[in-house]
Amino acid sequence: MNTVAPMRAMRLLEPGSALQLQEIPRPEPGPGELLLHVLACGVCRTDLHVVDGELDEPVLPLVPGHEIIGLVTALGPGVRGFEVGDQVGVPWLGWTCGHCDYCTRGRENLCRSAEFTGYTRDGGYAEFTVADARYCFPIAGYQPQAAAPLLCAGLIGYRAWRIAGGDQPRRLGIYGFGAAAHILVQVAVAAGQQVYAFTRPGDTAAQAFALRLGAEWAGASFEEPPALLDAAVLFAPVGALIPAALGHVRAGGRVVSGGIHMSDIPAFPYRLLWGERSIHSVANLTRQDGIDFLALAPTIPVITETVAYPLERANEALDDLRNGRLQGAAVLIP
């Protein structure tokens, strides 16, 4: 009689509650899927939005986590291009239909049928997980703990940066200096840009961190920078920062919101938008984003700063992120 091997996983049973450490059956890979032994899983602000109920359509009970570095241990039927023993990364976007208008036009990040790792399909806060092979990226040049934040903090930051103009803006503002920002500042500085970092008021540690990574200036979120910005990227989920950033960019500048959730944006005078300024959101990522960024990161090289937590301390890691006690990124090690 065949029995399914168990594994440990941190599961969300109800939004707003702590994750529960449970022993559940190890998943089996279906057609087109890989079974991964999870080596590391980053703890992302999106995980907080899921756990805290701000993203309110999770498939429960849920194993969160979408910055996964894993070792391929089995291939489902029909998988090509991977072998047992490969090290791969799994991002937030976990599955798309492949045939809708968005998918066929290279905008799969907007697929209306999309499934998301650690939200509508189980993620990496576990010893094993399964993932659609189409949305797994080979990972080379990084140890698992260092690579994990690249799979969301890095990818979303990179997509936001490209939408903000890539290497074209001379002066780039970054609002909210957490995991994504500490990666993006390295990309921007390597491209020859001047980075202006905006942090929570009084967070001198984050400001010093930004300066150490190459930022030109660092100050509080609503503080006036010493020069007008050409573009700004927001990672802090604070709607009031949108008009603040608009007030800090020059005419023709762009403000890009890189978060999946944000508090309401307050009313603001039209003069802040006038002058061909624009506001742009970022939704998810595409596989091409992953291919491009994961090829670029080791050439800079992007160096992630991480704090490791054992799997059973996932709630502590989330709480440290929630309360701003981290520099860089938290990573769970099963």
Side-chain angles (χ1 to χ4, degrees), residues 141 146 149-200 203-236 238 241-259 272 275-282 285-286 288-305 327-329:
L150 301 177
L151 271 297
C152 185
L155 286 177
I156 290 298
Y158 178 71
R159 184 171 180 83
W161 178 70
R162 289 179 59 199
I163 289 173
D167 61 3
Q168 295 306 301
R170 180 184 172 195
R171 299 188 183 96
L172 177 70
I174 300 178
Y175 290 75
F177 209 83
H182 101 284
I183 293 172
L184 180 55
V185 69
Q186 297 177 64
V187 174
V189 169
Q193 295 170 295
Q194 296 176 4
V195 174
Y196 294 73
F198 297 81
T199 73
R200 296 180 183 183
D203 194 346
T204 56
Q207 291 166 18
F209 185 37
L211 293 171
R212 176 164 63 82
L213 290 173
E216 185 84 7
W217 172 91
S221 298
F222 295 94
E223 190 174 340
E224 194 77 22
L228 283 176
L229 309 173
D230 297 304
V233 174
L234 276 65
F235 296 119
V238 181
L241 288 176
I242 294 287
L246 284 171
H248 294 157
V249 299
R250 64 170 178 81
R254 173 170 285 188
V255 173
V256 178
S257 175
L272 291 178
E276 299 190 354
R277 295 173 180 85
S278 64
I279 304 170
H280 203 295
S281 69
V282 169
L285 65 132
T286 66
Q288 193 61 50
D289 293 326
I291 292 167
D292 293 345
F293 175 69
L294 292 171
L296 173 67
T299 69
I300 292 176
V302 169
I303 298 173
T304 60
E305 301 209 11
Q327 285 190 1

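All values below were derived from every heavy atom in this structure, side-chain atoms included, with hydrogens, water molecules and symmetry-related copies excluded. On a predicted model such as this, the values are computed, not experimentally measured, just so you know.
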### Query
Taking S221 for the side chain and T199 for the main chain, is one N or O donor matched with an acceptor at less than 3.5 Å?
yes
### Ring centers of F198, H248 separated by less than 6.0 Å
yes
#### Entry: Residue of the set Q194, Q193, R250 for which side chain to side chain donor-acceptor pair (under 3.5 Å) holds with D230
R250
### Task
Test side chain to side chain contact (heavy atoms under 4.5 Å, CB included) on V187 and I300 and set out the steps.
CA-CA 7 Å; V187 174; I300 292 176; 3.9 Å; yes
### Interatomic spacing from CG in L272 to CD1 in I279 - rounded to 0.5 Å
9.0 Å
#### Entry: Donor-acceptor under 3.5 Å (S257 side chain, L234 main chain)
no
### Those residues that, when tested against D289, pass salt bridge (Lys or Arg N to Asp or Glu O under 4.0 Å) (two or more places apart)
R159, R162
### Query
With under 30° as parallel and over 60° as perpendicular, where do the rings of Y158 and F293 fit, or are they tilted in between?
tilted
#### Entry: Backbone of I163 reached by a side-chain donor or acceptor of H280 within 3.5 Å
no
### Verdict with supporting geometry, L294 and L150, side chain to side chain contact (heavy atoms under 4.5 Å, CB included)
CA-CA 8 Å; L294 292 171; L150 301 177; 4.2 Å; yes
### Donor-acceptor side-chain pairing of Q207 and D203 below 3.5 angstrom
no
### Task
Using the test salt bridge (Lys or Arg N to Asp or Glu O under 4.0 Å), find all partners of R170 that sit at least two apart in sequence or belong to another chain.
none
### Task
Mind listing the closest non-hydrogen atom pair of A188 and V195 along with its distance?
CB-CG2, 3.6 Å
### Task
With W161 as reference, evaluate I183, I156, L184, I174 under the side-chain contact (heavy atoms from CB on, under 4.5 Å) test and give the passing residue.
L184
### Message
If you compare all heavy atoms of A231 against all heavy atoms of A164, which two are closest, and at what distance to 0.1 Å?
### Response
CB-O, 3.6 Å
### Query
Are E223 and W217 linked by a side-chain donor-acceptor pair shorter than 3.5 Å?
no
### Task
For residues A179 and A329, report the shortest heavy-atom separation together with the two atoms involved.
CB-CB, 3.8 Å
### Query
Are any side-chain N or O atoms of R277 and backbone N or O atoms of V249, one a donor and one an acceptor, separated by less than 3.5 Å?
yes
#### Entry: Minimum heavy-atom distance H182-I303, with the two atoms named
NE2-O, 4.1 Å
### Query
How long is the gap from OG1 on T204 to CG on L211, to the nearest 0.5 Å?
11.0 Å
### Shortest non-hydrogen separation from A244 to F222 and the atoms involved
CB-CD2, 3.6 Å
### Task
Determine the minimum heavy-atom distance between F177 and A206, stating which atoms define it.
CD2-O, 4.1 Å
#### Entry: Interatomic spacing from CD in E224 to CG in L228 - rounded to 0.5 Å
7.5 Å
